[in-house]
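In what follows, a single structure is set out as C-alpha cells and then discussed.
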Amino acid sequence: MIKKLDQYLIKRFWLVLSLSIIGFISIFIIVDLIENIDRFMDNHVPVNIIIKYYIYTLPWFINIGLPMSVLISTVFSFGTIVKDNEWTAMKASGISLYRITIPLILSGIFISACSFFLDNKLVSYGNEKRFEIDRDYVKRKSRHKTKNILKNVLLQKNISKNIVLEKYFIKDFKGLNLTLIDLKKSTIVRRIDSKKIIWNKDSLKWKLNDYSIRNFNKSGIEINTIINKEDSLISLGFEPSEIQQQAKKPDELDYYQLTNLIVKLKENSIDTIRWEVARYMKISFAFTNLVVVLFGIPLTVFKTKNSLSFGIGTSVLVIFCYYAFIKFGQTLGYNGVLIPVISAWLGNIIFTICGLLLLLKAKT
C-alpha cells in the first residue's frame, strides 16, 4: 500500500510540476517578448536570431521558474489529497504526515541536483550567448553601443605580469594604449607600451603598432630599449578571451569557472567578495527547490477546509518573500556585512527552519 501511495503522490506531483513549468515558461517568454519587441524591430533583428535568443534564454527561464513550480506542485498534489479527504483516510490507516512527505522530499532533492546541473551547464552558457546576441544585434544601433567597449581594463595574469588597456573593443579584438609590466620580486624587468594592439587569429599573437619594449636589470636599471613604429606580431602572454572575461557577469560563468576566477583574483590580491557570493548562490539557489517542498506541505495541512485555495494563495506570498530574502542576503554579502557563504544561504537557512517548524507543528 505504501509503495502505491508513493507512486500516486509522485505521479501527481510531477504532472503538476510539468504543467506549471510550461505555464511559467510561456508567461516569461510572452512578457519578455512584449518588453523587447520594440528593440528587436528598431534594430531590424532577423527572426532566426530572435528564435536563437529565446532558445538560449530557455534554460534560464526554466531555472528561475522551478522553485515556483515546485511549490505550486507540492501544494496541488498534497492539497487535493486533503481536500478529497484522502488525508483523513491515510491518518486512519496509521500513515503519518512525515511518512508521506518522503517521496516529495526525495523529488525535491532530485530537482535541486538537476537545477544545479542546469545552472552550471546550460544556463551560464545560454546567458553568455544571449548577452552576445543582445550586444551584437539588439543594442547595435542604440545608445548602449558603448557596451561593446571596455574601458580601463586591468588584467593580472599572475603575480608578476600586469596588463592595462585604456580601451578594448570586444567585437574587433582591438585595444588602445597598452601597458604591460613584468615584475620579479617587486622589481620591474620589462615594460611594453603600445598605442594599438590587434589580435591576429592566424598566428595567435598580438599585432602591435607604435610600440616600445624596455628591459631592466635586477637593480631596476634600464639596460636596453626597442622602439618600433611598424606593425609587429608579438606574443604578450594573454588572449582576447581573458580580456573579455573582465566583461562577463556572474550569470555567464558556471560554478567551476567562478571558482577558478576567484583563485586567480586572490593570487593577485584582488577583492573577490561579489564573485564569492555569486559562486555560493549557484548552490543555494538550486536547494531552493527542496526548501519550498518543506514549506509547501504544512500550508495545506494547517487549514483543512479550503486547504487548496489557502495553500496556493499563501505559496505566492511565500515565494515572493523567499526571493526578497535571497536578494537581501546578496546585498549584505556584497557590502561585506555577512561572509559570502552566509549571505548566499540566508534565505535557505531562514525558510528551512520555518518549514521544519511548520512541519513539526502540522497535524499528524
Donor-acceptor contacts, no H, no angles, side chain residues 336-345, under 3.5 Å, sequence neighbours left out:
{"residue": "S343", "atom": "OG", "partner": "P340", "partner atom": "O", "Å": "2.8"}

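- Listed by chain and number, the residues in a salt bridge (Lys or Arg N to Asp or Glu O under 4.0 Å) with R130 amount to none (sequence neighbours excluded).
- With sequence neighbours left out, the side chain to side chain contact (heavy atoms under 4.5 Å, CB included) criterion links I213 to R190, I192, Y211, N215, I226, I234.
- No donor-acceptor pair closer than 3.5 Å links the side chain of E128 to the backbone N or O of Y125.
- In this structure, S77 contributes its side chain and F13 its backbone to no donor-acceptor pair below 3.5 Å.
- Atoms CG and CD1, on L9 and I102 in that order, are 11.0 Å from each other to the nearest 0.5 Å.
- Apart from I51 itself, the hydrophobic cluster it occupies contains V47, I55, where clustering links Ile, Leu, Val, Met, Phe, Trp and Tyr at side-chain heavy-atom distances under 4.5 Å.
- When hydrophobic side chains of Ile, Leu, Val, Met, Phe, Trp and Tyr are connected at separations under 4.5 Å, I27 ends up clustered with V31.
- Heavy-atom minimum distance, I64 versus F285: CA-CZ, 4.2 Å.
- Classified by interplanar angle (parallel below 30°, tilted 30° to 60°, perpendicular above 60°), the ring pair F351/F325 is perpendicular.
- Residues satisfying the salt bridge (Lys or Arg N to Asp or Glu O under 4.0 Å) test with K201, not counting sequence neighbours, are none.
- Within the 4.5 Å cutoff, the side chain of V292 has no heavy atoms near those of the T74 side chain.
- Summarising the geometry, atom CG belonging to L178 is positioned 7.0 Å from atom CG belonging to D193; distances are rounded to the nearest 0.5 Å.
- Heavy atoms only, all atoms of each residue included: E230 and N228 are closest at N-OD1, 2.7 Å.
- Screening residues 17-34 for side chain to side chain donor-acceptor pair (under 3.5 Å), with sequence neighbours left out, gives D32-N36, D32-Y54.
- Listed by chain and residue number, I30 satisfy the side chain to side chain contact (heavy atoms under 4.5 Å, CB included) test with I34 (two or more places apart in sequence, or in another chain).
- One N or O on the side chain of N348 and one on the backbone of S284 form a donor-acceptor pair closer than 3.5 Å.
- Atoms CG and CG, from L236 and L180 in turn, are 6.0 Å apart once rounded to the nearest 0.5 Å.
- Taking OH of Y137 as the start and CD1 of I50 as the end, the distance is 11.5 Å to the nearest 0.5 Å.
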Using distance only, find each side-chain donor-acceptor pair of residues 327-334 under 3.5 Å and give its atom names and separation, not counting sequence neighbours.
{"residue": "T331", "atom": "OG1", "partner": "K327", "partner atom": "O", "Å": "2.9"}

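- Here the options are W206, F173, Y168, the test is ring pair (Phe, Tyr, Trp, His ring centres under 6.0 Å), and the partner is W199; only W206 passes.
- Of all heavy-atom pairs spanning P67 and T288, the tightest one is CB-CG2, 3.7 Å.
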Please report, to 0.1 Å, the donor-acceptor pairs under 3.5 Å made by any side chain of residues 108-122, with sequence neighbours excluded.
{"residue": "S112", "atom": "OG", "partner": "G108", "partner atom": "O", "Å": "2.9"}
{"residue": "S112", "atom": "OG", "partner": "A286", "partner atom": "O", "Å": "3.0"}
{"residue": "S112", "atom": "OG", "partner": "L290", "partner atom": "N", "Å": "3.4"}
{"residue": "S115", "atom": "OG", "partner": "N63", "partner atom": "OD1", "Å": "2.9"}
{"residue": "N120", "atom": "OD1", "partner": "Y255", "partner atom": "N", "Å": "2.4"}
{"residue": "N120", "atom": "ND2", "partner": "F116", "partner atom": "O", "Å": "2.7"}

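- Among pairs with a residue in residues 336-354, none fulfils salt bridge (charged side-chain N to carboxylate O under 4.0 Å, His left out), at least two apart in sequence or across chains.
- The minimum heavy-atom distance between F76 and V16, with the atom names listed, is CB-CG1, 3.8 Å.
- Listed by first and then second residue, the salt bridge (charged side-chain N to carboxylate O under 4.0 Å, His left out) pairs that reach into residues 50-78 come to none, sequence neighbours excluded.
- Between V293 and S107 there is no side-chain heavy-atom pair separated by less than 4.5 Å.
- For the pair K196 and D210, the minimum side-chain heavy-atom distance is 4.5 Å or more.
- Ring-plane geometry between F61 and F28 is classed as tilted, the angle between the planes lying from 30 to 60 degrees on a 0 to 90 degree scale.
- Using a 4.5 Å heavy-atom cutoff, the side chains of R214 and I188 are not in contact.
- Two rings, from F40 and Y53, have their centers less than 6.0 Å apart.
- To the nearest 0.5 Å, atom NZ of residue K195 and atom CD of residue E166 are 9.0 Å apart.
- Residues I227 and S212 approach most closely at CG1-CB, 4.1 Å, considering heavy atoms.
- For the atom pair I262 CD1 and R279 CZ, the distance stands at 4.0 Å (nearest 0.5 Å).
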